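Read the structure below first, then the notes.
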Amino acid sequence: MVLSVSIFASLAPYLVSALLLLVLIEQLSYLVKKRNLPGPLFVPPIIGNAVSLVRDPTSFWYKQSDTAGTSRGLSANYLIGKFIIYIRDTELSHQIFSNVRLDAFHPLGHPFGKQLFGDHSLIYLFGEDHKSVRRHLAPNFTPKALATYSDIQQLVMLRHLRQWEESFSGGSKPVSMRDLVRELNLETSQTVFVGPYLDKEAKNTFRTDYNLFNVGSMALPINLPGFAFSKARRAVMNLEETLASCAGKSKTRMAKGEEPTCLIDFWMHAIVTEIESGNPPPVHSEDEAIGGLLFDFLFAAQDASTSSLLWAVAFLESDPEVLSKVREEVVKIWSPESGKLITADQLAQMKYTRAVAREVVRYRPPATMVPHIATNDFPLTESYTIPKGTIVFPSVFDSSFQGFTEPNRFDPDRFSEARQEDQVFKRNYLAFGWGAHQCVGQRYALNHLVLFIAMFSSLFDFKRLLSDGCDDIIYCPTISPKDGCTVFLSKRVST
């Protein structure tokens, strides 16, 4: 024991010197990559500013945006051994989105997405593999498929809205909408995507695993037993296994010639038809691969929609004129007392309500950034080249407030046929992405938001419980109001 202490004491100066040398090399490497970009001159060793990010992501990203605003739309930082660049300028963001390929940029979905999402994510497919998978996803979003989903969405929504009506519509106590909307969206996603293939027990397990994923996605990426990130990885594997099992059941049912009743059925029907025609199975059509791809849909539909539905309630409550216009349009087309669902044709007639939905997504894009990693040095501007291995964060949020007329004003009329700002400033409307990796389910997502706005505003009167900072942005992991959109609900009496 004495000998060991003596040896350690003699080696200590060398170990400390080596550690200090590594820290110095890390700092010099950061500064060389940073060059003249604005950003911290010193970063904590190894973890960088990850603690600041996890502790208060809103402040962290606001600071990155403000810092980028002082220069050429770029700012630098350092997270867990990774040099990062924040991109505020829309045209520079387009350079990233337009160069998603093997030798330029790879999407990540999350700063540590490959560890979290696994190998079967659509995010990480390129070239012909990516084109093939997207081609085989097309049957999932035909008008027939979207009409099928619309009926399911409405049935689930109405069930939840009626439950809210029974439980909270007295108007005497405020209720946070976040958990209510999250549960509504989770059931909607489960039912639309995999329909009859999840029993009650599987749905409960699904809910538990998805909550673990949510928590872990916001934690430090420590992949050790007991840590939130590790639990999230395990939860994702469980979810993908469950979804893979659903894919297998759907293939069996579609092979029998039965009609598709949910998204996985439309998808598997196309695959089964192709195989029965004598063609080889499409790439990534194995059950395990389908499970991974389905999880992408779940993540996008669940968290993004929860964000948008909460902000929709907040903005409708704060702007009585917009709410009144929505109600005037909806009442001409649909009534809760009719006992009927909104048809695809009626949904298409709700042009103002759809404009409101599009403005919600512009004003508060659920995923504020779309991280990519540079696989090679990339000349972004004449004076700055992004170093290989850099994680870049093109800001969808910042782009939403560039170009548009009075961008800081919530104004659904910007998407009217008269103004058409969705076309005039379409390069700034990046909430659904751009280029080859643009969101394949954006029509489904917008339909979901339009249906919710129409039904919620028709069934309820609602008043916000205002508090300091209630509309401040928090990440969980998509953005939502700080107070969870706390409102007083009361049953609306039609006039």
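We count residues from 1, following the sequence as given. It should be emphasised that the depicted structure is a prediction, and the values quoted were computed from it without experimental measurement.
- For the atom pair CG of Leu293 and CD of Glu240, the computed distance is 9.0 Å after rounding to the nearest 0.5 Å.
- Using a 4.5 Å cut-off on side-chain heavy atoms (C-beta onward), Asp265 and Ser250 make contact.
- Under a 3.5 Å cut-off, the side chain of Asp422 and the backbone N or O of Phe415 do not form any donor-acceptor pair.
- Formation of a donor-acceptor pair under 3.5 Å by the Ser217 side chain with backbone atoms of Asn214 is found in this model.
- A donor-acceptor pair under 3.5 Å is absent between the side-chain atoms of Arg72 and the main chain of Leu37, judged by distance alone.
- Side-chain polar atoms of Asn185 and Ser305 form no donor-acceptor pair below 3.5 angstrom.
- Between atom CE of residue Met157 and atom CD1 of residue Ile152 there is a gap of 12.0 Å, rounded to the nearest 0.5 Å.
- Salt bridge annotation for Lys144-Glu259: present, with a cationic side-chain nitrogen under 4.0 angstrom from a carboxylate oxygen.
- The two atoms that bring Asp471 and Trp311 nearest to each other are O-CH2, 3.5 Å, heavy atoms only.
- With hydrogens and angles disregarded, a donor-acceptor distance shorter than 3.5 Å links the side chain of Asn376 to the backbone of Asp103.
- At a threshold of 4.5 Å between non-hydrogen side-chain atoms, the residues Leu53 and Phe60 count as touching.
- For the pair Thr205 (side chain) and Glu201 (backbone), a donor-acceptor distance under 3.5 Å is present.
- A search for side chain to side chain donor-acceptor pair (under 3.5 Å) contacts involving Arg354 returns Asn447, not counting sequence neighbours.
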Passes side-chain contact (heavy atoms from CB on, under 4.5 Å), Asn49 versus Gln64? Steps please.
CA-CA 12 Å; Asn49 284 305; Gln64 287 298 137; over 6 Å; no
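- Residues Tyr363 and Phe315 meet the side-chain proximity criterion, which asks for heavy atoms closer than 4.5 Å.
- In summary, Glu276 and Lys251 do not engage in a salt bridge, as defined by a charged side-chain N under 4.0 Å from a carboxylate O.
- At a threshold of 4.5 Å between non-hydrogen side-chain atoms, the residues Glu258 and His269 do not count as touching.
- Under the 4.5 Å side-chain criterion, counting only non-hydrogen atoms from C-beta, Thr58 is in contact with Tyr475.
- Going from atom CZ of Phe425 over to atom CG of Leu430 covers 13.5 Å, rounded to the nearest 0.5 Å.
- One distance of note links CD of Glu421 with CG of Asp411; it measures 7.0 Å at 0.5 Å rounding.
- Counting only distance, with no hydrogens or angles, the side chain of Ser277 and the backbone of Asn279 share no donor-acceptor pair below 3.5 Å.
- Of all non-hydrogen atoms in Phe432 and Ala445, the two that sit nearest each other are CE2-CB, 4.1 Å.
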Could you walk me through whether Ile80 and Ile47 pass the side-chain contact (heavy atoms from CB on, under 4.5 Å) test, one step at a time?
CA-CA 4 Å; Ile80 316 283; Ile47 63 171; 4.2 Å; yes
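- Under the side chain to side chain contact (heavy atoms under 4.5 Å, CB included) rule, Phe297 has a single partner from Val440, Ile264, Leu243, which is Val440.
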Quick one, His284 with His136, criterion side-chain contact (heavy atoms from CB on, under 4.5 Å). Give me CA distance, side-chain angles, the key distance, then yes/no.
CA-CA 10 Å; His284 303 286; His136 286 94; over 6 Å; no
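- With contacts defined as side-chain heavy-atom distances shorter than 4.5 Å, the pair Leu108/Ile391 qualifies.
- Taking the ring centre of Tyr197 as origin, the terminal cationic atom of Arg253 falls outside the region bounded by 6.0 Å and 45° from the ring axis.
- The heavy-atom pair separating Ser308 from Pro366 by the smallest distance is OG-CG, 3.4 Å.
- Nearest heavy atoms, Pro196 versus Cys262: CD-SG, 4.1 Å.
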Going through the distances and angles, do Leu380 and Phe378 end up as a side-chain contact (heavy atoms from CB on, under 4.5 Å)?
CA-CA 6 Å; Leu380 185 65; Phe378 184 87; 4.2 Å; yes
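- Glu91 and Arg427 are joined by a salt bridge, as a carboxylate oxygen and a charged side-chain nitrogen come within less than 4.0 angstrom of each other.
- Residues Thr261 and Thr148 come closest through the heavy atom pair O-CG2, 3.9 Å.
- Put simply, the side chain of Gln420 gets close to the backbone of Glu417: a donor and an acceptor are under 3.5 Å apart.
- The aromatic rings of Tyr210 and Phe295 sit tilted, their planes meeting at an angle between 30° and 60°.
- In terms of modelled atom types and a separation under 3.5 Å, the side chain of Thr390 and the main chain of Pro387 share a donor-acceptor contact.
- Contact of the Met369 side chain with the Tyr86 side chain is registered, since non-hydrogen atoms from C-beta on lie closer than 4.5 Å.
- Residues Ile271 and Pro282 share a closest heavy-atom pair of CG2-CD, 4.1 Å.
- For the pair Arg362 and Phe404, the cation sits on the ring face: its NZ or CZ lies under 6.0 Å from the ring centre, inside 45° of the axis.
- A distance of 11.0 Å separates CG in Asp472 from OG in Ser480, rounded to the nearest 0.5 Å.
- Ser75 places no side-chain N or O within donor-acceptor distance of the main-chain N or O of Pro38, the cut-off being under 3.5 Å.
- In this structure, Arg182 pairs ionically with Asp179, as a charged nitrogen and a carboxylate oxygen lie closer than 4.0 Å.
- No side-chain N or O of Arg207 forms a donor-acceptor pair with one of Asn211 less than 3.5 Å apart.
- Distance check, rounded to the nearest 0.5 Å: OG1 of Thr375 to NZ of Lys388 gives 7.5 Å.
- Using modelled atom types and a 3.5 Å distance limit, the side chains of Asp377 and Thr385 yield no donor-acceptor pair.
- A perpendicular orientation is assigned to the rings of Tyr149 and Tyr444, their planes being inclined by more than 60° (bins at 30° and 60°).
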I would like to know whether Phe397 and Trp61 meet ring pair (Phe, Tyr, Trp, His ring centres under 6.0 Å); could you show each step before the answer?
CA-CA 11 Å; Phe397 187 91; Trp61 293 117; over 10 Å; no
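- Summarising the local packing, NZ of Lys482 is surrounded by 12 or fewer heavy atoms from other residues, nucleotides or ligands at distances under 6.0 Å.
- Counting heavy atoms of neighbouring residues, nucleotides and ligands inside a 6.0 Å radius, atom CG of Leu31 exceeds 12 of them.
- For the pair Val43/Asn77, a side-chain contact is recorded, criterion being any heavy-atom separation below 4.5 Å from C-beta on.
- Between the side chains of Ser150 and Gln154, a donor-acceptor pair is found at a separation under 3.5 Å.
- Not a single donor-acceptor pair under 3.5 Å links the side chain of Ser307 to the backbone N or O of Asp303.
- A donor atom on one side chain and an acceptor atom on the other are not found under 3.5 Å apart for Gln153 and Thr188.
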